[in-house]
Amino acid sequence: DEQANTPEIREVNAGFDRMAERLAKVEEERQLILAGISHDLRTPLARLRLETELSVGDAEARQAMAADIDQLDDIIDQFLGYARPGHSGVEPLLLGPVISKCITPFRQVLQMDMLVDVPEDLWVLAEPVALGRVVSNLLENARRYGQSAQDGISHVEIEAQASHGQAMLRIRDQGPGVPAEQLAHLTQPFYRGNVARTSAMGSGLGLAIVERAIERMGGKFRVFNHAQGGLMALIELREGS
């Protein structure tokens, strides 16, 4: 209230207003910088991809170089994903279509199969793009590190249910899991655990991005070893109407 009677309160109020304006300006500039970084890094990568396709004669070398470029592009996306603003606008949306869209690319992976049990009428409060990124990230993590010791295939179970106004989404693989002493650190930025679930292919931000995105949507995220084997990711979101 700028019309407060005492000059001290007016001064404090005015100071808060100025601080809020400065913070808004900083956030606006940060988003602009992130957009510039994304453009400036991805433009030369696109040129490298084109030059690789046109100038590298050996098919195996061309494929390896393209994979390196894809890896760099993925790492850039992870860094930018973690650095995105700390708030997210949520809306009611059906969970099933989000899951269906995310699993479609993985249906083509020969060494991966998925069992999905998500009610068709389950609504959640979430940001569609962010939730899709979360699910895709977890599926990619399961694809890379969740191979069963029996057949070498990543068997992934995706199930969801609603209870007491909360929607629970579980994504579990049947891989080797993670040593108990490392579980608490998996969502820390740049943390790398044992070789079984960590490689030089990523930025060390995958699960940190997942946790941060879910918290922005007002939800909770946990990851733990399942009693019957494999790693379980548990996402708790508010149920939509």
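All figures in this text were calculated on a predicted structure; none of them were measured in a lab.
One N or O on the side chain of R172 and one on the backbone of G229 form a donor-acceptor pair closer than 3.5 Å. A donor-acceptor contact shorter than 3.5 Å is absent between the side chain of S154 and the backbone of M112. Using a distance-only test at 3.5 Å, with no hydrogens or angles considered, no donor-acceptor pair links the side chain of D173 to the main chain of Y145.
R238 CZ to M217 CE: the interatomic distance, rounded to the nearest 0.5 Å, is 10.0 Å. In this structure, the separation between CD on E239 and CE on M168 is 12.0 Å, given to the nearest 0.5 Å. The structure places NZ of K220 at 10.5 Å from CD of E215, a figure rounded to the nearest 0.5 Å. The line from CZ of R22 to CG of D17 is 10.5 Å long, rounded to the nearest 0.5 Å. The CD atom of E211 lies 11.5 Å from the CZ atom of R216; values are rounded to the nearest 0.5 Å. Rounding to the nearest 0.5 Å gives a distance of 9.5 Å between CZ of R62 and OG1 of T52.
Across all non-hydrogen atoms, the minimal contact from G132 to C102 is O-SG, 3.4 Å. Across T104 and S100, no two heavy atoms sit closer than the pair OG1-O, 2.8 Å. In terms of heavy atoms, Q147 sits closest to P176 at O-CD, 4.0 Å. Smallest separation of non-hydrogen atoms from E127 and A130: OE1-N, 2.6 Å.
No more than 12 heavy atoms of other residues, nucleotides or ligands shown are found within 6.0 angstrom of CD on Q63. Heavy-atom neighbours of E91 CD from other residues, nucleotides or ligands within 6.0 Å: above the threshold of 12.
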Would L138 and F221 satisfy side-chain contact (heavy atoms from CB on, under 4.5 Å), going step by step from the backbone distance to the final call?
CA-CA 12 Å; L138 292 173; F221 175 74; 4.2 Å; yes
Applying side-chain contact (heavy atoms from CB on, under 4.5 Å), run through V134 and I235 and close with a yes or a no.
CA-CA 10 Å; V134 162; I235 296 170; 3.6 Å; yes
Test side-chain contact (heavy atoms from CB on, under 4.5 Å) on I158 and V135 and set out the steps.
CA-CA 10 Å; I158 306 168; V135 174; 5.7 Å; no
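None of L234, I214, I99, V124 except one satisfies the side-chain contact (heavy atoms from CB on, under 4.5 Å) rule with L169; the exception is I99. Exactly one of N141, I103, V116, I171 qualifies for a side-chain contact (heavy atoms from CB on, under 4.5 Å) with V156. That residue is I171.
When side chains are defined from C-beta on, E157 does not count as touching R170, because their heavy atoms never get closer than 4.5 Å. For the pair H226/Q174, no side-chain contact is recorded, criterion being any heavy-atom separation below 4.5 Å from C-beta on. Residues R222 and E236 fail the side-chain proximity criterion, which asks for heavy atoms closer than 4.5 Å. Using a 4.5 Å cut-off on side-chain heavy atoms (C-beta onward), L237 and L131 make contact.
Under a hydrophobic clustering in which Ile, Leu, Val, Met, Phe, Trp and Tyr are joined whenever their side-chain heavy atoms come within less than 4.5 Å, directly or via other members, L94 and L122 fall into different clusters. In the hydrophobic clustering of this structure, W123 does not group with V118; members are Ile, Leu, Val, Met, Phe, Trp, Tyr whose side-chain heavy atoms approach within less than 4.5 Å, directly or through other members. Residues M232 and L95 fall into different hydrophobic clusters, defined by Ile, Leu, Val, Met, Phe, Trp and Tyr side chains chained together at heavy-atom separations under 4.5 Å. When the side chains of ILVMFWY residues are joined at heavy-atom separations under 4.5 Å, either directly or via intervening members, V12 and L23 end up in a single hydrophobic cluster. Linking Ile, Leu, Val, Met, Phe, Trp and Tyr residues whenever their side-chain heavy atoms come within less than 4.5 Å leaves L139 and F224 in two separate clusters.
Here E140 pairs with R143 in a salt bridge; the nearest charged N to carboxylate O distance falls below 4.0 Å.
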